[in-house]
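For the single chain, residues carry numbers from 1 onward in sequence order.
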Amino acid sequence: MDKRTTLLALLVTGALAITTGCSVEKPSDYAGRARACGAGKDFLIGMSQANNAEPYRQVMNNDVQTAAKSVPGFRVVVSDAAQDNSKQVADVENFLTQKINLLIISPNEAKPLTAVVKKAYDQGVPVIVLDRKVEGEAYTAFIGGDNVAIGKAAGEFYATTLLPDGGKVIEIAGLPGSTPAAERAQGFRDGIAANPKIQIVASQPGDWLREKGQSVADALIKAHPDVSAIYAHNDPMAEGAYLAAKSAGKAQRIKFTGIDALPVPSGGIKAVEQGRLAATFQYATGGREAVELARKILVDCAEDVPRTTTLGTMRITRENAAEAYAKLGGL
């Protein structure tokens, strides 16, 4: 072999080595993460929560913590963004400095949290996005309900059962910029389309909060005194709307619905059972499912986990409220 042939062979071999190295060392590949996985090890999981002030998120945190206690070696640290996007970004950055083994995040809003979620994922940290989505595909898995389907189920309930003869509806929406708010609004409109006599006369955000839902409802009921029903994107805002209507002396004439159906004494199922809400629609927290997926990734070293897990729902009215409460584990 002459010198030119030898040089050419060395260049080709080097090029192949570089190409192979790039493929193996891609940060988001499971191969890179598997070095830290396995039974009998300790794992630190960062749980970045959007807003602990919401009852739904308190239950989600409890579900995550309770499920994690059954997995040897799991330790979960929960941070509260308090509905502040910049704080949630900082919370995730702090988790990365702590060298977490996995991130569970329920984003306050999609767009502002996308970049930091991608940063964690690109560093080789498995990321489970819970309940609310981010933009793009830079995460390991998403777990949550189908909010379009839930909104549509609520709309169909209005169209066929709650307001079969039509009527004016006020919508109290969730936090602008959060994916469930947009999807529950879209689904509801799809659902009521079958009954053209139903009209949405106003829609304003209540940011998922009972107090804001009450103040928004108070103003909108005054602006639309002949409203027939209030569709709220979650149960706390529906309860707030009920209180506003009660103060205006209209709680018996207006019908209220929410979403969440938490099986706790202060949740939507009991509000239906006690007659304040006409219906609520289950929106499971996904906390237990997130921990089980984390176990598969960290303990079992699973390389092929579901990209999307869609949680089921059910409509809860006074007829099935007690049964649903027991079925969903209420105390």
### Task
Could you give me the CA-CA distance, side-chain angles and deciding distance for N85 and E109, then say whether side-chain hydrogen bond (donor to acceptor under 3.5 Å, both in side chains) is met?
CA-CA 7 Å; N85 293 322; E109 294 183 64; 2.8 Å; yes

### Query
When you look at E54 and R210, which way does the salt bridge (charged side-chain N to carboxylate O under 4.0 Å, His left out) test go after all the steps?
CA-CA 9 Å; E54 298 171 33; R210 174 174 172 151; over 6 Å; no

#### Entry: Residue pair L163, N195: steps toward the side-chain contact (heavy atoms from CB on, under 4.5 Å) verdict
CA-CA 9 Å; L163 300 177; N195 188 340; 5.6 Å; no

### Task
Take D63 and T285 through the test side-chain hydrogen bond (donor to acceptor under 3.5 Å, both in side chains) and record every step on the way to the result.
CA-CA 8 Å; D63 287 347; T285 70; 2.7 Å; yes

### Task
Evaluate the side-chain contact (heavy atoms from CB on, under 4.5 Å) criterion for residues E93 and K119: first the C-alpha distance (whole Å), next the side-chain angles of each, then the deciding distance (0.1 Å), finally the verdict.
CA-CA 9 Å; E93 295 275 11; K119 178 178 180 179; 2.8 Å; yes

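Closest approach of V264 to Y325, counting heavy atoms only: C-OH, 3.4 Å. The two residues A81 and K87 come nearest to each other via the heavy atoms O-CD, 3.7 Å. Residues L175 and A181 share a closest heavy-atom pair of O-CB, 3.5 Å. The shortest heavy-atom contact between A67 and R288 is CB-CA, 4.1 Å. The two atoms that bring A202 and L220 nearest to each other are CB-CD2, 3.9 Å, heavy atoms only.
Other residues, nucleotides and ligands contribute at most 12 non-hydrogen atoms within 6.0 Å of the NZ atom of K99. Enclosure of atom NZ in K212 by more than 12 non-hydrogen atoms of other residues, nucleotides or ligands within 6.0 angstrom is indicated. Crowding of Q98 atom CD: a count of heavy atoms from other residues, nucleotides or ligands under 6.0 Å exceeding 12. Heavy-atom contacts from other residues, nucleotides or ligands closer than 6.0 Å to CD of E323 number 12 or fewer.
Follow the hydrophobic side-chain contacts under 4.5 Å out from Y283 and you reach I104 in the same cluster. Note: the hydrophobic cluster containing L243 does not contain I259 (ILVMFWY, side chain heavy atoms under 4.5 Å, direct or indirect links). In the hydrophobic cluster analysis, where Ile, Leu, Val, Met, Phe, Trp and Tyr join through side-chain heavy atoms closer than 4.5 angstrom, I172 is grouped apart from L209. No continuous path of hydrophobic side-chain contacts links Y158 to M237 [ILVMFWY only; heavy atoms under 4.5 Å].
Rounded to the nearest 0.5 Å, atoms CG (D91) and CD (Q49) are 10.5 Å apart.
In this model, a donor atom of one side chain and an acceptor atom of the other lie less than 3.5 Å apart for R184 and N147. A donor atom on one side chain and an acceptor atom on the other are found under 3.5 Å apart for S48 and Q88. Judged purely by distance below 3.5 Å, without hydrogens or angles, the side chains of Q58 and N52 never pair a donor atom with an acceptor atom. Looking at D235 and T280, their side chains do bring a donor and an acceptor atom within 3.5 Å of each other.
Between K152 and F188, the closest side-chain pair of non-hydrogen atoms is not below 4.5 Å. Looking at F142 and K133, their side chains come closer than 4.5 Å, going by heavy atoms from C-beta outward.
For the pair R253 (side chain) and V227 (backbone), a donor-acceptor distance under 3.5 Å is present.
Aromatic rings of F256 and Y231 (six-membered ring for Trp) have centroids beyond the 6.0 Å cut-off, not under it.
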